[in-house]
*Asks:* 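Provided herewith is a single structure, encoded as structure tokens, for subsequent inquiry.
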Protein chains: 2
Amino acid sequence: MTTPADAADEHLVFREYLDAVGLQGLASAEAAGLHTSEWYALSLITREGSLSSGELASRTGLTTGATTRLIDRLEQAGYARRAADPNDRRRVIVEPVPDALDRIEEVVGPARRHIAEILARYTSEQRALLFDYFRHAAPAFRAATEEIRTTTSSPGGKKTTRARSSR
Amino acid sequence: MTTPADAADEHLVFREYLDAVGLQGLASAEAAGLHTSEWYALSLITREGSLSSGELASRTGLTTGATTRLIDRLEQAGYARRAADPNDRRRVIVEPVPDALDRIEEVVGPARRHIAEILARYTSEQRALLFDYFRHAAPAFRAATEEIRTTTSSPGGKKTTRARSSR
DNA sequence: AAAGTTATCTGCATGCATGCAGATACTGCG
DNA sequence: CGCAGTATCTGCATGCATGCAGATAACTTT
């Protein structure tokens, strides 16, 4: 039965929470040597298992050229690797390097430890509820991310540096 | 009574949650036209109320020169403004522009809406618990951020472009 | 009031992600 | 087999955040 004052408070609390988590993510990414595009791409190929270069381009919203360089960086950093598509030798399949995810786990370590301390003060039932929230919130955040990205980026359509059919 | 299997599951769930939230933050920042340093700086001055240019430099880990440009960008984007320090006319005090925070609220809107849907499915008591978590987790994430930043950045000490006293 | 110290700003250079356009390699259809 | 379409890569150019070092202004001490 939240009173209006509580509602405003909840608003602020959530705002600060988002800010803090986002900042932590940013710091982790920086520590891992990952920029926005790289993190996004790595998250994509990790969740999908693997993606072709072109698919990665359209999902990230980058041109195919920029995506090639993006894959170069991910590969050089050891987070991903190129593989050949047996059915179509033009295509390049990008997949995450398993060990690399452990390296990311390292940079996320501080956050995990600090949060573990917080979680330790709750009962098992309460923890279960929190993890239930985490489980449901993750897709919600991903949906929000997509919404933001599609709203922001020009809907005109990506230049994909395709062979110019005109002429 | 979490079984080992559950523990591993919790690990993964939390990992995905962090990834999703971080990505959302990244997308929001991009939509707001804020880069890492800018977001961090804006978060700092918002929480502190105001900060001098030099303090901002040391807190962000940037040189004073880079901080000047950082403030330029924040000011031009309308997120912050410069104010004079009445006690020391050399100093520049940076403070957030109140209205600007509303603009950030906009880009965070999608996340807030999606999460609101999730939260709506819990009881008041459960929501209270979740917000209790948010309240405690925010400082924990900030601590983790500091830990990551200080661990990563070279501990040698920042070049602050100060008058080189040494010779 | 002169000298030294401190706070911020500015010019220059660098590194880097990205877009664009052409190049290359491969597929599939006729 | 040849040709059109497709997937990825590469060279060039651009924009931008940052570091570095000097410049400027203001405070502090004696």
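Both backbone and side-chain heavy atoms feed into the values below; hydrogens, waters and symmetry mates do not. Throughout, a chain's letter reflects where its sequence line sits, starting with A, and its residues are numbered from 1. Keep in mind it's a predicted model, so treat the numbers as computed, not measured.
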*Asks:* Scan residues 37-49 of chain B against DNA chain C and write down, sorted by residue number, each residue with any heavy atom closer than 4.0 Å; if none is found, say none.
*Replies:*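 Those residues whose heavy atoms fall under 4.0 Å from DNA chain C, taken from residues 37-49 of chain B, amount to none.
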*Asks:* If a pair satisfies salt bridge (charged side-chain N to carboxylate O under 4.0 Å, His left out) and one of its residues is in residues 54-67 of chain B, list it, with sequence neighbours excluded.
*Replies:*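 As it turns out, the salt bridge (charged side-chain N to carboxylate O under 4.0 Å, His left out) pairs with a partner in residues 54-67 of chain B, which skip direct neighbours, are B/E48-B/R59.
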*Asks:* Could you go through residues 22-32 of chain A and list every donor-acceptor pair under 3.5 Å that involves a side-chain atom there, pairing it with any protein atom two or more places apart or in another chain?
*Replies:*
| from | atom 1 | to | atom 2 | distance (Å) |
| --- | --- | --- | --- | --- |
| A/Q24 | NE2 | A/S28 | OG | 2.7 |
| A/S28 | OG | A/Q24 | O | 3.0 |

*Asks:* Rounded to the nearest Å, what distance is computed from the CG atom of residue B/L70 to the P atom of nucleotide C/dT8?
*Replies:*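 Interatomic distance, CG of B/L70 to P of C/dT8: 13 Å.
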*Asks:* Check the pair B/D19, A/W39 against side chain to side chain contact (heavy atoms under 4.5 Å, CB included), reporting the backbone distance first and the verdict last.
*Replies:* CA-CA 9 Å; B/D19 183 68; A/W39 186 11; 2.9 Å; yes
*Asks:* What donor-acceptor contacts under 3.5 angstrom involve side-chain atoms of residues 130-139 of chain B, with partners at least two apart or in another chain?
*Replies:*
| from | atom 1 | to | atom 2 | distance (Å) |
| --- | --- | --- | --- | --- |
| B/D132 | OD2 | A/Y122 | OH | 2.6 |
| B/R135 | NH1 | A/D9 | OD2 | 3.0 |
| B/H136 | ND1 | B/D132 | O | 2.7 |

*Asks:* May I ask you to evaluate whether A/T63 reaches the phosphate of C/dG19, defined as a side-chain N or O under 4.0 Å from OP1 or OP2?
*Replies:*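 Result: yes.
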*Asks:* Using a 4.0 Å heavy-atom cut-off to protein, can you give one letter per nucleotide of nucleotides 25-30 of chain C, 5' to 3': B if the base is in contact, S if only the sugar-phosphate is, - if neither?
*Replies:* BBS---
*Asks:* N/O contacts under 3.5 Å, protein versus nucleotides 11-15 of chain D?
*Replies:*
| from | atom 1 | to | atom 2 | distance (Å) |
| --- | --- | --- | --- | --- |
| D/dG11 | N7 | A/R69 | NH2 | 3.0 |
| D/dG11 | O6 | A/R69 | NH2 | 3.1 |

*Asks:* Mapping B/A66 and A/T36 to their closest nucleotides on DNA chain C, which lands nearer the 5' end?
*Replies:*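 Of the two residues, B/A66 wins.
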*Asks:* For a quick test of reading the model: is some side-chain N or O of A/R82 closer than 4.0 Å to OP1 or OP2 of D/dC9?
*Replies:*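 So the side-chain polar atoms of A/R82 do come within 4.0 Å of the phosphate oxygens OP1 or OP2 of D/dC9, strictly under.
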*Asks:* Check every strand shown and say whether A/T68 touches a base, only sugar-phosphate, or nothing at a heavy-atom separation below 4.0 Å.
*Replies:*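 Base, at least one base atom sits under 4.0 Å.
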